[in-house]
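These numbers come from the heavy atoms of this one structure, side chains and all, not from hydrogens, waters or symmetry mates. Residue numbers start at 1 and run along the sequence shown.
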Amino acid sequence: MRSLPPPATIGILGGGQLARMMVVEARRIGYRTIVLDPGGADAPAAQISDDFVEAALDDGAAARRLAERCDVVTLDTEHIPADVLYELEDACAVRPGGRILALIQDRWEQRTFVARHDVPQPVHALVTSPETLASASAKTGFPCVLKTTRSGYDGKGQARAQDPEELARGWEDLGQPTAVLEEFVDFEREISVLLARGRDGECRFFPVAENVHVDHILHTTRVPARIDSAIESEARSLGSRVAAGLGYHGVMAIELFVTADGRLLLNEIAPRPHNSAHFTLGGCATSQFEQHLRAVCGQPLGDPSPLGACVMLNLLGDLWSEREPDWEAVFRHPLARLHLYGKVEPRPGRKMGHVLVVARDARRAEDEAESVARHLGVASPSTTHRPVTGPTPDPAFG
Ligand SMILES: Nc1ncnc2c1ncn2[C@@H]1O[C@H](COP(=O)(O)OP(=O)(O)OP(=O)(O)O)[C@@H](O)[C@H]1O
Ligand SMILES: [Mg+2]
């Protein structure tokens with residue numbers, strides 16, 4: 001793997017918040033960045049990158065023009081067509097490349113890969129027609145969750161079913177040629193393993209994060225996660241097995257369910273920096289974004305140690321329904337840090353920013369986050385409960 005120290009040029013496909021925070025860190029370190037996004041200059045990352053290309057994420061010719069000006073290309077989203085990535089691989093390094101993306105983009109391929117590496121996961125079955133629903137649900141039982149094979153995010157393209165009738169309706173609503181049916185896991189909590197795998201295959205782990213989703217969208221992340229050290233080390237070992245199995249270089253996450261009897265089941269793999277690791281930017285010695293840049297540029301990895309107890313609250317577009325939220329209320333909280341992504345249009349459910357609280361102990365972080373949430377009108381992080389899954393038949397990327 002070639003070493004690419006600053007001021008190498010890093011191309012980023014997709015210009016959302018993950019790319020934006022990569023650019024923030026790249027600027028500090030002295031890397032140059034070029035971002036490709038259909039939103040052009042308005043895209044969160046393009047607002048602050050050295051340059052940008054305005055093009056659709058599946059525009060192979062535009063991606064090629066970007067790659068020819070870069071030393072390495074990386075991603076803000078896993079929804080870049082794998083074929084586009086294959087086409088770039090002789091122009092510059094592409095991390096992750098088309099092979100990894102092709103595997104991750106297909107939920108069934110991903111589940112098959114996970115099984116091959118002996119990582120435990122929910123019982124699942126492939127559905128290819130209405131006729132195969134019965135045999136699939138005989139395997140998973142009820143309740144179960146039907147997920148489109150491709151293009152899901154923030155729970156879009158999923159339907160929970162209590163019985164065969166609801167499952168048949170969910171299949172129709174999703175309207176896709178194939179889907180994966182999974183047992184509904186009555187988990188005790190959700191956690192994510194956030195790691196970087198570097199040039200010589202060395203893995204460095206951020207603290208395991210505990211996540212609460214509301215309506216399938218990440219609402220709160222807490223660190224340290226409320227799990228014992230045996231579960232934490234098992235979770236890490238699953239993460240490194242997945243990263244090594246993929247031959248991955250960069251920061252990635254695995255999302256896990258923890259069951260009441262202490263089992264860990266892999267929900268999904270994210271081959272990129274992850275929303276549940278936003279706490280690392282301000283809450284760890286090295287952020288996930290800097291760590292990702294180091295890893296994809298073949299540099300030594302940084303120190304992922306936590307600087308305190310963290311609570312991160314996502315800020316969704318719903319908060320803007322009447323007026324701009326009261327940011328002064330956040331600034332009045334000394335332990336809270338505001339992050340806004342510069343998105344022009346605050347749609348409901350759209351991730352617009354987050355607030356991070358870092359404190360000496362978990363109680364203090366919790367109290368401060370609770371107070372910020374109250375002042376902003378965000379649902380309280382302590383009373384949010386587990387997601388209620390209904391049909392969300394909109395798997396389109398946007
Ligand atoms: N089999 C399951 N059992 C119980 N809950 C589930 C199951 N699958 C998904 N969920 C719930 O829905 C959330 C979103 O699911 P998943 O991660 O599969 O969706 P996604 O659309 O890929 O989301 P994202 O990419 O934004 O994480 C999970 O974090 C979990 O809370
Ligand atoms: Mg997920």
Side-chain angles (χ1 to χ4, degrees), residues 1-23 25-27 29 31-41 43-46 48-106 109-110 113 150-151 153 196-199 201 243 245-252 269-274 288-289 291-299 397-398:
M1 185 173 194
R2 230 177 98 216
S3 164
L4 300 169
T9 301
I10 301 169
I12 310 175
L13 300 179
Q17 62 269 21
L18 299 177
R20 180 181 173 100
M21 289 182 269
M22 283 185 224
V23 171
E25 291 287 64
R27 281 211 177 264
I29 304 168
Y31 282 112
R32 292 176 50 79
T33 51
I34 312 178
V35 168
L36 180 147
D37 193 274
I48 56 171
S49 57
D50 292 282
D51 202 357
F52 66 88
V53 174
E54 181 172 344
L57 297 181
D58 61 358
D59 183 340
R64 177 84 202 182
R65 285 198 302 279
L66 171 131
E68 280 164 359
R69 298 168 56 201
C70 294
D71 297 295
V72 58
V73 164
T74 188
L75 317 175
D76 162 85
T77 159
E78 60 274 38
H79 296 290
I80 309 285
D83 287 346
V84 167
L85 296 182
Y86 288 130
E87 293 290 310
L88 310 182
E89 287 170 8
D90 61 328
C92 70
V94 183
R95 301 195 177 112
R99 178 186 59 81
I100 292 178
L101 262 269
L103 191 157
I104 298 292
Q105 282 165 355
D106 185 309
E109 292 288 324
Q110 197 184 125
F113 164 85
R150 307 183 75 86
S151 309
Y153 75 104
R197 188 166 178 275
R199 57 185 175 192
L246 287 172
Y248 187 83
H249 295 287
V251 162
M252 58 167 280
I269 304 169
R272 50 169 168 75
H274 195 254
Q288 64 164 343
F289 306 103
Q291 197 76 311
H292 186 65
L293 301 177
R294 287 180 182 231
V296 301
C297 290
Q299 301 301 300
F397 176 72

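Contacts of Pro5 classified as side-chain contact (heavy atoms from CB on, under 4.5 Å), with partners at least two apart in sequence or in another chain: Ser3, Gln299. For Glu89, the side-chain hydrogen bond (donor to acceptor under 3.5 Å, both in side chains) test picks out no residue, with sequence neighbours left out. Listed by chain and number, the residues in a side-chain hydrogen bond (donor to acceptor under 3.5 Å, both in side chains) with Arg294 are Glu290 (sequence neighbours excluded). Here Ser49 pairs with nothing under the side-chain hydrogen bond (donor to acceptor under 3.5 Å, both in side chains) rule; sequence neighbours left out.
Shown are Val35, Thr33, Thr74; of these, the side chain to side chain contact (heavy atoms under 4.5 Å, CB included) with Met22 is made only by Thr74. Applying the side chain to side chain contact (heavy atoms under 4.5 Å, CB included) test between Leu75 and each of Leu57, Val296, Leu101, Val94 identifies Leu101 as the sole match.
Under the 3.5 Å distance criterion, the side-chain polar atoms of Gln291 are left unmatched by any main-chain donor or acceptor of Pro273.
Within the structure, salt bridge (charged side-chain N to carboxylate O under 4.0 Å, His left out) pairs that include any residue of residues 48-60 comprise Arg27-Asp50, Arg32-Asp50, Asp51-Arg69 (at least two apart or interchain). Residue pairs that meet the salt bridge (charged side-chain N to carboxylate O under 4.0 Å, His left out) test with at least one member in residues 70-80, sequence neighbours left out, are Glu78-Arg272.
Summarising the geometry of Ala63 relative to Leu13, their closest heavy-atom pair is CB-CD2, 4.4 Å, with the distance given to 0.1 Å. Closest approach of Ala82 to Gln105, counting heavy atoms only: N-OE1, 3.8 Å. The nearest pair of heavy atoms linking Val251 to Ala196 is CG2-CB, 3.9 Å. Between Leu36 and Ala55 the shortest heavy-atom distance is CD2-O, 3.6 Å.
In Arg64, the CZ atom is crowded: over 12 heavy atoms of neighbouring residues, nucleotides or ligands sit closer than 6.0 Å.
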Between Ile269 and Leu103, does a side-chain contact (heavy atoms from CB on, under 4.5 Å) hold up when you go through it step by step? CA-CA 10 Å; Ile269 304 169; Leu103 191 157; 5.5 Å; no

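Using a 4.5 Å heavy-atom threshold, the side chains of Tyr248 and Ile100 count as touching. Between Arg20 and Ile12, every side-chain heavy-atom pair lies at or beyond the 4.5 Å cut-off. Annotation: side chain of Cys70 is in contact with side chain of Thr9 (closest heavy-atom distance under 4.5 Å). A heavy-atom distance below 4.5 Å is not found between the side chains of Tyr31 and Val23. Using a 4.5 Å heavy-atom threshold, the side chains of Leu88 and Leu66 count as separate.
Considering CD1 of Ile104 and NE2 of His79, their distance stands at 11.0 Å, rounded to 0.5 Å.
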